[in-house]
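Below: the structure, in structure tokens.
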Protein chains: 2
Amino acid sequence: MEKKSAQREQILQEARRLFSQKGYHGTKIRDIANARGILSGSLYSHISSKEDLLFEIASDGAEAFVTAIQSVANSSMTPTEKVRAGLAAHIRVISNHLDVSRVFLHEWHALSDERRDIIQQKRDEYEMYWKDILESGVQAGEFVISDPKFARLLILSVANWVYNWYQPDGELTPEDIADRFANVILFGLRHSE
Amino acid sequence: MEKKSAQREQILQEARRLFSQKGYHGTKIRDIANARGILSGSLYSHISSKEDLLFEIASDGAEAFVTAIQSVANSSMTPTEKVRAGLAAHIRVISNHLDVSRVFLHEWHALSDERRDIIQQKRDEYEMYWKDILESGVQAGEFVISDPKFARLLILSVANWVYNWYQPDGELTPEDIADRFANVILFGLRHSE
DNA sequence: ATATAACAAGCAAGCGCTTGCATAATCGTT
DNA sequence: AACGATTATGCAAGCGCTTGCTTGTTATAT
């Protein structure tokens with residue numbers, strides 16, 4: 001009564017949409033059933049609880065972000081290039097999986113304590129890759145950073161906040177957006193390139 | 001049966017705490033009553049609906065941010081100084097009114113359409129002040145910005161995201177935090193300080 | 001004497017989820 | 001190809017509880 005099935009996948013899709021749009025607590029199990037055209041009880045042939053849906057979506061989000069940054073971190077780019085590519089990868093995940101990203105970045109608080117901890121671990125893992133990128137940039141002499149923690153925090157803030165304003169029908173590609181942000185981050189307002 | 005009264009203010013305080021902590025839909029009217037040591041029905045001697053509480057808190061947040069940026073915008077500082085002071089003002093609002101800020105920046109989505117529009121207008125007003133600061137910086141020759149919209153978006157992203165990680169018992173003052181961010185924003189990773 | 005703010009009780013609606021049953025698709029065995 | 005047996009998926013009904021909020025009444029403070 002679980003895992004892969006076309007119906008289950010479509011239920012997940014509606015859950016993503018609704019959790020992203022109205023929040024976890026704001027979405028009722030009947031809303032999801034309704035969107036699939038079945039009764040709420042029938043959902044439970046495919047899922048075992050509402051919270052399981054949230055956890056599965058949040059986990060998918062976590063994995064998407066970690067996978068994206070890994071391929072950048074493991075590449076042979078210079079730190080400067082990695083900042084550009086990492087930003088682009090992050091924003092690409094958001095643009096390609098907007099609902100999942102919103103749930104992962106916004107609704108994960110509604111999880112139970114243990115499950116929230118699991119997601120938190122993934123977040124920490126993700127941030128660690130950025131820490132490495134920035135540190136290697138300092139060691140290579142490319143970056144002159146007085147406080148590395150705040151440089152990382154700035155990058156992650158900008159990258160995460162994208163889910164609040166990104167419009168899928170906008171003109172700019174994720175790479176365009178990343179480049180514009182990277183220009184400010186790398187050169188600053190007073191010496192922008 | 002409304003407006004100022006010690007009890008009403010304390011109800012608002014609990015609502016701020018709970019909305020901030022568990023979200024609007026995650027907070028039940030009985031939770032608030034319980035925190036005040038009264039029954040849920042007794043709340044309605046002081047408020048007229050749960051959503052009114054949310055709207056009042058969100059409106060207070062909006063006003064706090066707008067007021068803070070106004071005093072910076074109307075000052076005689078240089079644009080560079082205004083960026084530092086504006087960031088500090090923003091972060092000061094968050095640190096001094098953490099719950100209100102979280103509700104204003106995170107939970108306002110739960111409002112009805114009309115009331116969400118009212119809050120959105122306040123957000124737009126706030127952003128306009130930043131737009132002016134950046135534009136005057138460009139005209140004064142202090143900033144070299146290729147895409148002003150993204151410079152503004154970057155600043156607001158960093159400033160807003162603070163509510164996600166700020167710890168009141170941390171060592172750094174809002175001004176410390178603002179300075180560290182401003183250093184990156186003004187000079188970039190490649191030419192910091 | 002009047003106004004205020006609390007309680008006790010509860011309403012109608014909604015909540016996540018379970019149960020018992022019907023229909024149909026899928027299967028291994030002839 | 002035909003068979004009964006198994007499994008998957010939905011509906012109908014509803015359970016026990018919670019939701020935001022209302023009502024009528026009482027205690028207290030001015």
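Proteins come first, then strands; the chains are lettered A, B, ... in the order of their sequence lines, and each starts at number 1.
- Following rounding to the nearest Å, B/I38 (CD1) and D/dA27 (C1') show an atom-to-atom distance of 15 Å.
- Taking the side chain to side chain contact (heavy atoms under 4.5 Å, CB included) definition, one finds that A/R30 meets it with A/S40, sequence neighbours left out.
- As a whole-Å value, the separation of B/F19 CZ from D/dG20 C1' is 12 Å.
- Counting to the nearest Å, the C1' atom of C/dT4 and the CD1 atom of B/I11 are 13 Å from each other.
- In the hydrophobic clustering of this structure, B/M77 does not group with A/L189; members are Ile, Leu, Val, Met, Phe, Trp, Tyr whose side-chain heavy atoms approach within less than 4.5 Å, directly or through other members.
- When the side-chain nitrogen and oxygen atoms of B/Q7 are compared with OP1 and OP2 of C/dT4, none of them lie within a distance under 4.0 Å.
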List, with names and distances, any nitrogen or oxygen atoms from the protein found under 3.5 Å away from nitrogen or oxygen atoms belonging to nucleotides 16-19 of chain C.
| from | atom 1 | to | atom 2 | distance (Å) |
| --- | --- | --- | --- | --- |
| C/dG16 | OP1 | A/I29 | N | 3.3 |
| C/dG16 | OP1 | A/K50 | NZ | 3.1 |
| C/dG16 | OP2 | A/I29 | N | 2.9 |
| C/dG16 | N7 | A/R30 | NH1 | 2.9 |
| C/dG16 | O6 | A/R30 | NH2 | 3.2 |
| C/dC17 | OP2 | A/Y44 | OH | 2.4 |
| C/dC17 | OP2 | A/K50 | N | 3.0 |
| C/dC17 | O5' | A/Y44 | OH | 3.3 |
| C/dC17 | N4 | A/S40 | OG | 3.0 |

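- When A/L98, A/I57, A/V103, A/L53 are each tested for a side-chain contact (heavy atoms from CB on, under 4.5 Å) with A/R16, only one passes: A/I57.
- Rounded to whole angstrom, the span from the CZ atom of A/R8 across to the C1' atom of D/dG10 amounts to 17 Å.
- For the OP1/OP2 pair of D/dG10 and a distance below 4.0 Å, the side-chain nitrogens and oxygens of A/H46 include at least one atom meeting the criterion.
- At its two ends the helix from C/dA1-D/dT30 to C/dC27-D/dG4 runs along axes set 10° apart, each axis drawn from five pairs and the angle rounded to 10°.
- With sequence neighbours excluded, the residues forming a side-chain hydrogen bond (donor to acceptor under 3.5 Å, both in side chains) with A/E14 are A/R17, listed by chain and number.
- A search for side chain to side chain contact (heavy atoms under 4.5 Å, CB included) contacts involving A/D132 returns A/E135, not counting sequence neighbours.
- Rounded to an integer number of Å, the gap from CG of B/L39 to P of D/dG20 is 15 Å.
- Here the side chains of B/V138 and B/P148 are not in contact, with every heavy-atom distance at 4.5 Å or above.
- Distance CG (B/L43) to P (D/dC21): 10 Å, rounded to an integer number of Å.
- Between A/E51 and A/R115, the closest side-chain pair of non-hydrogen atoms falls below 4.5 Å.
- When the P atom of D/dT19 is taken as reference, atom CG of B/D31 falls 7 Å away, rounded to whole Å.
- Within a 6.0 Å radius of CD in A/Q10, more than 12 heavy atoms belonging to other residues, nucleotides or ligands are found.
- Annotation: side chain to side chain donor-acceptor pair (under 3.5 Å) contacts involving residues 59-68 of chain B, sequence neighbours excluded, are absent.
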